Amino acid sequence: MRSPTPYHDEVRDTELYRQLLGLEKPWTVDRVELDVKQQRVDVWATHDKPKAWPCPECGKDCGLHDHNEERTWRHLDSCAFLTHLHARVPRVRCAEHGVRQVRVPWAEPMSRFTALFERLAIDVLLETSISGATNILGLSWDEAHHLMERAVARGLARRPHAAPRHMGIDEKAIAKGHRYVTMVCDLDEGHVLEVAEDRTAASLTQCLGQFSMNDLAEVEAFAMDMWEPYAQTLRRYVDDIDTKIVFDRFHIVKHMNEAVDLVRRQENKALRADGDDRLVGTKYLWLYGEENLPTDRLELETRMRFAALRSSNLKTARAWALKESLRDLWSQRSRAAGERWWQRWYSWAIRSRLEPVKKVAGMVKRHLPNVLTYFKHRVTNAGSEALNSVIQMLKKRAFGYRSFQNFRTVILFRCGGLNLYPEAHLKPG
Ligand SMILES: [Zn+2]
């Protein structure tokens with residue numbers, strides 16, 4: 001008579017975890033402890049006695065020296081049970097590199113997580129906020145942040161150092177305009193390449209530090225604001241820079257938006273002194289491009305009111321029309337057409353008797369050659385994916401980040417286009 005072979009006798013929990021962890025010779029699972037009360041699984045890995053272990057530096061076969069103290073790695077949960085892997089890692093004595101701890105197949109050196117756990121954590125962190133991820137993964141804020149730092153360092157080490165064809169340079173106000181960061185982007189890929197504190201020449205130099213002069217010489221165009229410290233910095237590092245700088249649409253329209261807002265504020269003040277409330281509460285309406293008015297979200301009454309304001313003889317309406325019109329500069333077909341178009345707009349703007357608008361017109365005129373370089377390179381930060389994603393992040397979180405370095409980590413983690421995953425791979429069982 002055949003003896004019954006109950007399931008738990010055939011597939012032991014040690015074999016199950018060996019397979020789940022994808023452990024291969026010489027590694028195997030020694031024992032598994034399940035603590036139902038604590039909702040915890042602990043797995044101990046061990047090894048049989050191979051003739052030699054590879055040195056982690058040179059890969060040369062070496063003899064076993066000794067074992068380190070037991071270490072613990074957080075692994076993927078087993079159902080809802082927190083799961084930890086424990087092992088004493090062998091050390092080898094390499095003739096060239098001395099006594100070294102061997103590499104384990106389930107984790108990167110120094111990590112407190114298995115590679116599979118890190119992959120999951122990275123995926124979760126990419127999808128949610130840090131605090132959301134800490135809840136889902138059962139990690140502390142520091143653990144989650146450290147995991148992101150390691151992922152970013154890994155990604156940066158793997159990134160090719162060639163500079164992008166089209167580079168976007170931008171300054172962003174953080175903490176309500178009291179502080180700035182400088183950001184360098186790959187406009188073709190839509191990735192943030194680096195961020196640095198402040199918006200000085202030194203900030204940009206720091207961002208460009210990762211590239212060689214030869215790499216920078218390969219960049220065809222730099223889209224940026226009319227900001228002298230940046231232009232001077234580029235002049236120092238790049239030959240023929242005056243053919244490559246594009247003072248771009250995004251920044252010029254931003255200056256015009258600020259001018260419109262200034263006109264509106266002054267006019268609103270004057271009108272209200274006469275008991276005229278027409279401009280009250282209209283700030284954001286004037287900032288939209290004509291075609292971007294969120295008509296689906298605006299009540300009919302607001303839309304009609306704004307239409308009436310636009311066609312009124314208010315100064316704000318004139319400033320707005322000038323701003324809207326200026327945007328056509330970039331749809332001209334050639335540099336020559338662009339230049340002619342600009343002359344007409346400029347004489348209109350300069351006769352507008354709107355001081356903030358005249359100021360922007362003068363600034364653009366002084367920088368005109370490098371505004372018109374647009375017609376050669378056709379680049380702009382407007383619509384830049386990298387820029388937009390950072391703006392969205394800045395909007396969502398009004399600076400809980402403890403320091404600039406943390407902020408940089410988060411930006412590069414989310415917007416850097418980096419290969420973040422750990423190298424050590426556990427093959428699925
Ligand atoms: Zn070695």
Side-chain angles (χ1 to χ4, degrees), residues 14-15 17-32 42-76 83-122 139 142-162 194 209-212 214-215 405 409 412-413 416-429:
T14 51
E15 174 58 13
Y17 271 94
R18 188 191 69 74
Q19 296 221 11
L20 287 176
L21 286 156
L23 294 187
E24 283 175 6
K25 275 190 172 253
W27 289 100
T28 185
V29 171
D30 184 35
R31 74 192 151 99
V32 177
D42 286 277
V43 180
W44 279 265
T46 186
H47 60 82
D48 53 22
K49 293 199 172 64
K51 281 195 208 92
W53 293 89
C55 163
E57 293 287 325
C58 61
K60 213 179 283 168
D61 277 347
C62 302
L64 179 69
H65 179 69
D66 64 357
H67 284 86
N68 262 343
E69 295 285 296
E70 181 178 294
R71 282 185 55 198
T72 301
W73 295 263
R74 168 89 185 271
H75 186 56
L76 298 174
T83 301
H84 290 88
L85 176 65
H86 309 264
R88 295 188 63 188
V89 180
R91 298 201 301 169
V92 291
R93 181 186 288 280
C94 172
E96 197 184 339
H97 297 103
V99 174
R100 289 296 169 92
Q101 182 176 299
V102 303
R103 290 203 60 169
V104 292
W106 56 81
E108 291 205 324
M110 312 300 289
S111 178
R112 295 162 56 204
F113 307 102
T114 65
L116 281 178
F117 182 86
E118 275 195 78
R119 290 183 75 88
L120 170 75
I122 287 167
L139 293 175
D142 283 331
E143 283 174 323
H145 201 80
H146 186 55
L147 207 141
M148 292 169 79
E149 275 172 1
R150 289 164 39 84
V152 166
R154 203 182 284 135
L156 288 177
R158 288 171 183 161
R159 188 170 65 183
H161 282 276
E194 187 53 282
Q210 58 187 300
F211 303 113
S212 70
N214 285 339
D215 284 338
Q405 281 311 316
T409 299
L412 291 175
F413 186 85
L418 297 171
N419 176 1
L420 300 165
Y421 294 118
E423 220 172 281
H425 276 285
L426 286 176
K427 287 174 223 116

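Numbering of ligands and ligand atoms starts at 1, following listing order. FYI, side chains are in, hydrogens and waters are out, and symmetry mates aren't considered; it's all heavy atoms of this structure. Predicted model, so just to flag it, every value in this text is computed and none were measured.
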Pairs of donor and acceptor atoms involving the side chains of residues 46-65, under 3.5 Å and at least two apart or interchain, shall be tabulated with distances.
from  : atom 1 : to     : atom 2 : distance (Å)
His47 : NE2    : His67  : NE2    : 2.7
Asp48 : OD2    : Lys25  : NZ     : 3.3
Glu57 : OE2    : Arg100 : NH1    : 2.7

Exercise for review: Please check if any side-chain donor atom of His161 sits under 3.5 Å from a side-chain acceptor atom of Asp215, or the reverse.
Suggested key: no
Check your understanding: What pairs with Glu149 under side-chain hydrogen bond (donor to acceptor under 3.5 Å, both in side chains), at least two apart in sequence or on another chain?
Key -> none
Exercise for review: Indicate yes or no for a side-chain donor-acceptor contact from Arg18 to the backbone of Leu23 under 3.5 Å, with no hydrogens or angles considered.
Suggested key: yes
Review point. Is there a donor-acceptor pair under 3.5 Å between the side chain of Arg112 and the backbone N or O of Trp73?
Key: no
**Study point:** All side-chain contact (heavy atoms from CB on, under 4.5 Å) counterparts of Ala151, not counting sequence neighbours
**Key:** Ile122, Arg154, Phe413, Leu420
Point to revise | Atoms (protein N, O or S; no water) under 2.8 Å from the Zn ion (ligand 1) | key: 4
